[in-house]
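Counting convention: from 1, in listed order, for ligands and their atoms alike. All values below come from the heavy atoms of this structure, side chains included, with hydrogens, waters and symmetry mates left out.
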Amino acid sequence: MKDLNETKAAARKIAFANRKAAFQAARESGGAQGGYLSEVLAGYRGVPLSGFMPILTEIDPLPAMAEACAHGPVGVPVIQWPNHPLSFSRWSPETEMVAGAFGALIPRVNDYFEPEILIVPLLAYSRHGGRLGYGGGFYDRTLEMLRAKRATLAIGFAFAGQEMEDLPLEETDQPLDLIVTEKGVITPS
Ligand SMILES: Nc1nc2c(c(=O)[nH]1)N(C=O)[C@@H](CNc1ccc(C(=O)N[C@@H](CCC(=O)O)C(=O)O)cc1)CN2
Ligand SMILES: Nc1ncnc2c1ncn2[C@@H]1O[C@H](COP(=O)(O)OP(=O)(O)OP(=O)(O)O)[C@@H](O)[C@H]1O
């Protein structure tokens, strides 16, 4: 167990550096980041969706989320307690936001709902649908809870440069159904 934690910590260090490089390259090229995400979401109009408020060097899903708002409910994650699933509160570009735990913005007034599609932030992904996050286990617990109730689609959204081949995984890691980057769409194999 200690070994896996150490392996994950080492992978996170590499993943942070990879993501930072990809973020800076994307900023310098000024190219669009969310075109493929918009395209994928257009196939699920009206389905309750969660995005995320980008922090640090995360890729920006906000334009695609704003488009989806025209067709159905869109929300963002809100941390309730450590070691508990996330809740999702309704969001639109006009929603008044305040700082939440760990730096991401959350709506000032909560209006909770359960999304059926989650755009999932991540540090690193693998082509097999593996995902490495910050280590809170929030998305793993959330996806486990939602998937026990109904079919739930987890879409990892990341820079292409965040791919890692051999991600350390454990029993509780929930797989990604699809990975969308600024360069294309990956169906996990
Ligand atoms: N934009 C965004 N919002 C999000 C997430 C996310 O990954 N991205 N989350 C996804 O879960 C949740 C909160 N994010 C988290 C951020 C940090 C840690 C955390 O445990 N950080 C450690 C060290 C991280 C490191 O540097 O290795 C710490 O602060 O001690 C947990 C959850 C909900 N909102
Ligand atoms: N469904 C679950 N039930 C119990 N423990 C869990 C569950 N999911 C994850 N955990 C535990 O939470 C801890 C953190 O998990 P992990 O390292 O996979 O986080 P992460 O996916 O990188 O983070 P996040 O999802 O917050 O971005 C691990 O100790 C893991 O065993």
Side-chain angles (χ1 to χ4, degrees), residues 1-20 22-23 26 33-34 37 49-66 74-91 93 95 97-108 110 112-115 117-126 128-149 152-159 162-164 166-177 179-181 188:
M1 192 63 198
K2 186 164 176 281
D3 276 356
L4 179 67
N5 285 340
E6 280 171 10
T7 311
K8 279 201 168 185
R12 279 191 185 98
K13 213 167 163 181
I14 297 166
F16 265 114
N18 289 348
R19 192 176 71 179
K20 187 175 175 192
F23 176 85
Q33 299 177 3
L37 183 60
L49 168 77
S50 89
F52 58 87
M53 301 304 294
I55 54 171
L56 307 174
T57 54
E58 288 173 348
I59 194 168
D60 184 2
L62 294 174
M65 287 161 58
V74 175
V76 295
V78 178
I79 295 175
Q80 302 296 345
W81 301 99
N83 305 327
H84 283 263
L86 298 161
S87 294
F88 296 90
S89 187
R90 284 289 292 265
W91 171 92
T95 304
M97 306 296 282
V98 297
F102 294 115
L105 294 173
I106 57 171
R108 189 177 66 80
N110 284 316
Y112 295 121
F113 72 106
E114 288 194 340
I117 299 176
L118 278 72
I119 305 170
V120 183
L122 52 88
L123 274 175
Y125 68 88
S126 78
H128 311 297
R131 165 183 178 273
L132 186 70
Y134 297 125
F138 286 107
Y139 273 97
D140 294 322
R141 287 188 176 83
T142 307
L143 284 167
E144 183 188 82
M145 186 262 297
L146 293 174
R147 282 171 165 161
K149 296 190 185 186
T152 303
L153 193 75
I155 303 176
F157 184 46
F159 294 111
Q162 286 173 250
E163 180 176 342
M164 274 173 74
D166 292 310
L167 275 187
L169 295 177
E170 59 189 298
E171 278 288 288
T172 51
D173 281 317
Q174 290 280 324
L176 298 169
D177 297 299
I179 298 141
V180 179
T181 74

Within reach of ligand 2, part of H84 (heavy-atom separation under 4.0 Å): neither
Heavy-atom nearest neighbour of atom 12 (C) of ligand 1 within options I79, I106, V120: I79
From CG (L122) to CZ (F157), nearest 0.5 Å: 10.0 Å
Ligand 2 atoms in contact with R131 (distance to a heavy atom under 4.0 Å): 21 (O), 24 (P), 25 (O), 27 (O)
List the steps and the verdict of side chain to side chain contact (heavy atoms under 4.5 Å, CB included) for F102 and I79. CA-CA 9 Å; F102 294 115; I79 295 175; 3.3 Å; yes
Are the side chain of R12 and the backbone of G133 linked by a donor-acceptor contact shorter than 3.5 Å? yes
Nearest neighbour in protein (non-hydrogen) for atom 33 (C) of ligand 1: L86 CD2, 3.8 Å
E144: numbered ligand 2 atoms lying under 4.0 Å from its heavy atoms: 1 (N)
Are H84 and M145 close enough that some pair of their side-chain heavy atoms sits under 4.5 Å apart? no
Under 3.5 Å: N/O of R12 near N/O of ligand 1: no
Heavy-atom closest pair (L62 atom, F52 atom, distance to 0.1 Å) is CD2-O, 4.1 Å
Could you state the interatomic distance from OG (S50) to CZ (F88), rounded to the nearest 0.5 Å? 4.0 Å
Shortest protein contact, atom 8 (N) of ligand 1 (heavy atom only): E58 OE2, 2.8 Å
Set out, in order, the CA-CA distance, both residues' side-chain angles and the distance that settles side chain to side chain contact (heavy atoms under 4.5 Å, CB included) for L37 and I59, then state yes or no. CA-CA 11 Å; L37 183 60; I59 194 168; over 6 Å; no
Residue part near ligand 1, for L122, under 4.0 Å between non-hydrogen atoms: neither
Taking 4.0 angstrom as the limit and counting only heavy atoms of Y134, give me the atoms of ligand 2 inside it, by number and element. 22 (O), 23 (O), 27 (O)
Test F16 against Y134 for side chain to side chain contact (heavy atoms under 4.5 Å, CB included), laying out the working first. CA-CA 10 Å; F16 265 114; Y134 297 125; 3.6 Å; yes
Contact atoms of ligand 1, heavy-atom distance to I55 under 4.0 Å: 1 (N)
Per atom 10 (N) of ligand 2, closest listed option by heavy atom (R12, Q174, R141, K8): R141
Within the protein, is there a heavy atom lying under 4.0 Å from atom 22 (C) of ligand 1? no
Note: ligand 1 atoms sitting under 4.0 Å from heavy atoms of M53 are 1 (N), 2 (C)
Heavy-atom distance to atom 21 (O) of ligand 2: which of L167, D140, L4 wins? D140
In this structure, does ligand 1 have an atom that sits under 4.0 Å from one of the heavy atoms of P77? yes
Euclidean distance, L153 CG relative to L146 CG, rounded to 0.5 Å: 12.0 Å
For atom 6 (C) of ligand 1, closest protein heavy-atom neighbour: P121 CG, 3.4 Å
Only residue of K8, R131, R141 satisfying salt bridge (Lys or Arg N to Asp or Glu O under 4.0 Å) with D173 is K8
Nearest heavy atom to atom 19 (C) of ligand 1, choosing from F16, F102, Y139, belongs to F102
Here the pair of heavy atoms bringing F159 nearest to A26 is CE2-CB, 3.6 Å
Nearest non-hydrogen contact with atom 24 (C) of ligand 1 belongs to which option: F88, Y134, F52, F138? Y134
Counting only N and O atoms by type, is there a donor-acceptor contact under 3.5 Å from the side chain of D140 to the main-chain atoms of Q174? yes
Considering non-hydrogen atoms of the protein only, which is the closest contact for atom 3 (N) of ligand 1, and what is the distance? A104 CB, 3.7 Å
Nitrogen or oxygen of G133 less than 3.5 angstrom from that of ligand 2: yes
Can you spot which of P115, P107, S87 makes a side-chain contact (heavy atoms from CB on, under 4.5 Å) with V76? P107
Per-residue contact class, D173 against ligand 2 - non-hydrogen pairs under 4.0 Å: side chain
Under 4.0 Å, heavy-atom basis, I'd like to know which part of E170 is in contact with ligand 2: side chain, backbone, both or neither. side chain
